[in-house]
Amino acid sequence: MKRSFVRLIPLLLLAGITAPVDASDTVPETLREAFAGHFHVGAALGRAVIEGTAPGVQGLAARQFDTVTAENDMKWENLQPEEGQFDFGISDALLDFAEANDMQVTGHVLLWHQQTPDWVFQDDTGAPAGREQLLQRLETHIQAVAGRYRGRVHGWDVVNEALNEDGSLRASKWLEILGPDYIAQAFAMAHAADPDARLIYNDYNLYQPAKRDGAVRIVKALQAKGVPIHAVGMQAHYGLGHPEDLQDVARSIQAFAALGVDVEITELDMAVLPFPQGSDGGANLDENFELQERLDPYRDGLPEDVAALQAERYAALFRIFLDHEAVTRVTFWGVTDAGSWKNNWPMVGRTDYPLVFDRQGKPKPAFEAIMDLVR
Ligand code: XIL
């Protein structure tokens, strides 16, 4: 476990090595330092952050976080938009940025039903690809991507969102063409491409008991086959009203830990805006509701009482994370409220405030609340 330098300051004082400092100087002021020894804290970086065109955000991310994920740039549609034509420009830049700032990288994502080009699932005539063809493409992609970053990417989201809300397997093209074994195939291929990488099954709404059970079945099936899996990734796109009972999050962490795998909180945010009726309250990208002003009440700013409520819930969640040794990483899905995907999902054009840094990159009450847990 890492020890942060600030914790040594009292010892140095005792030894008379350094002049006395004000107590506030010993307060860890960055998430990466404050939570060292508990878990890694990270953020997803969008293209503007990776390329440094979002003013100040890259520096903020480098100071605050010790692990990063590409928000979009390691998805299939960006890495291999056409068959055999790989574009690693932005993902290479992310790796360079991470290494320059002593950060881990999580690769997101090797297999998903979203943001994957149509050609992957089609043969030359546009008819559905056959099983062998699709397996071959999957292997080529995983070898090229996980192989390229072998030894540099700490862990991979190998399979993303394979489950329906009831815990059954989602009827994706992967399932249709390859059958339920596709999950094991992907994990085995990832392991072959980078034997030292930590392999993650990632999904949203895993706090819900039925979906939690589905993930437990996935982990057990891999373990029964002797295929490596190291962690379950709980996306954690939450809101002020959901999960209704935060203990459901704790129960899921415990259920996964009991299988001997770690838990990584992979895509944390806490929307303050209501979900429209008909949403499954998770992160299903197919949802796209028409903009309703009534569901966009904070265009002019986040009211103090709402910020306080969000802070309280963030603190309660982090208390749960701190209570469970199985939690090895907590990654926010974005750096500042301005760059959050929640401004455009599940409704385009709203003003949400789901992260712990505001639109100017200043710490919000939620930041103070989670830091208070370790100060
Ligand atoms: C989102 C990105 O944040 C958006 O920029 C993009 O338009 C759509 O995808 N679950 C995932 C992430 O695993 O990859 C998604 O990211 C959010 C839901």
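All residue numbers refer to positions in the sequence shown, counting from 1. First listed ligand is number 1; within each ligand, the first listed atom is number 1. Remember, predicted model here, so these are calculated numbers, not experimental data.
Listed by chain and number, residues touching ligand 1 at under 4.0 Å (heavy atoms only) are Glu71, Asn72, Lys75, His108, Trp112, Gln115, Asn160, Glu161, Gln235, His237, Glu267, Ala283, Leu285, Trp333, Trp341.
A salt bridge links Arg251 and Asp245; the closest N-O separation between the charged side-chain nitrogens and carboxylate oxygens is under 4.0 Å.
For residues 111-135, the set of pairs meeting the salt bridge (Lys or Arg N to Asp or Glu O under 4.0 Å) definition, not counting sequence neighbours, is empty. Among residue pairs with one or both ends in residues 45-65, those qualifying as salt bridge (Lys or Arg N to Asp or Glu O under 4.0 Å) are Arg47-Asp73; sequence neighbours excluded.
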Please report, to 0.1 Å, the donor-acceptor pairs under 3.5 Å made by any side chain of residues 185-199, with sequence neighbours excluded.
residue, atom, partner, partner atom, Å
Gln185, NE2, Asp181, OD2, 3.2
Asp194, OD1, Asp196, N, 3.2
Asp194, OD1, Ala197, N, 3.4
Asp194, OD2, Gly151, N, 3.3
Arg198, NE, Glu264, OE2, 3.3
Arg198, NH1, Asp262, OD2, 3.4
Arg198, NH2, Asp262, OD2, 3.2
Arg198, NH2, Glu264, OE2, 2.8

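No chain of hydrophobic side-chain contacts below 4.5 Å, direct or via other Ile, Leu, Val, Met, Phe, Trp or Tyr residues, connects Val109 to Leu45.
Atoms CH2 and CD, on Trp333 and Gln235 in that order, are 7.5 Å from each other to the nearest 0.5 Å.
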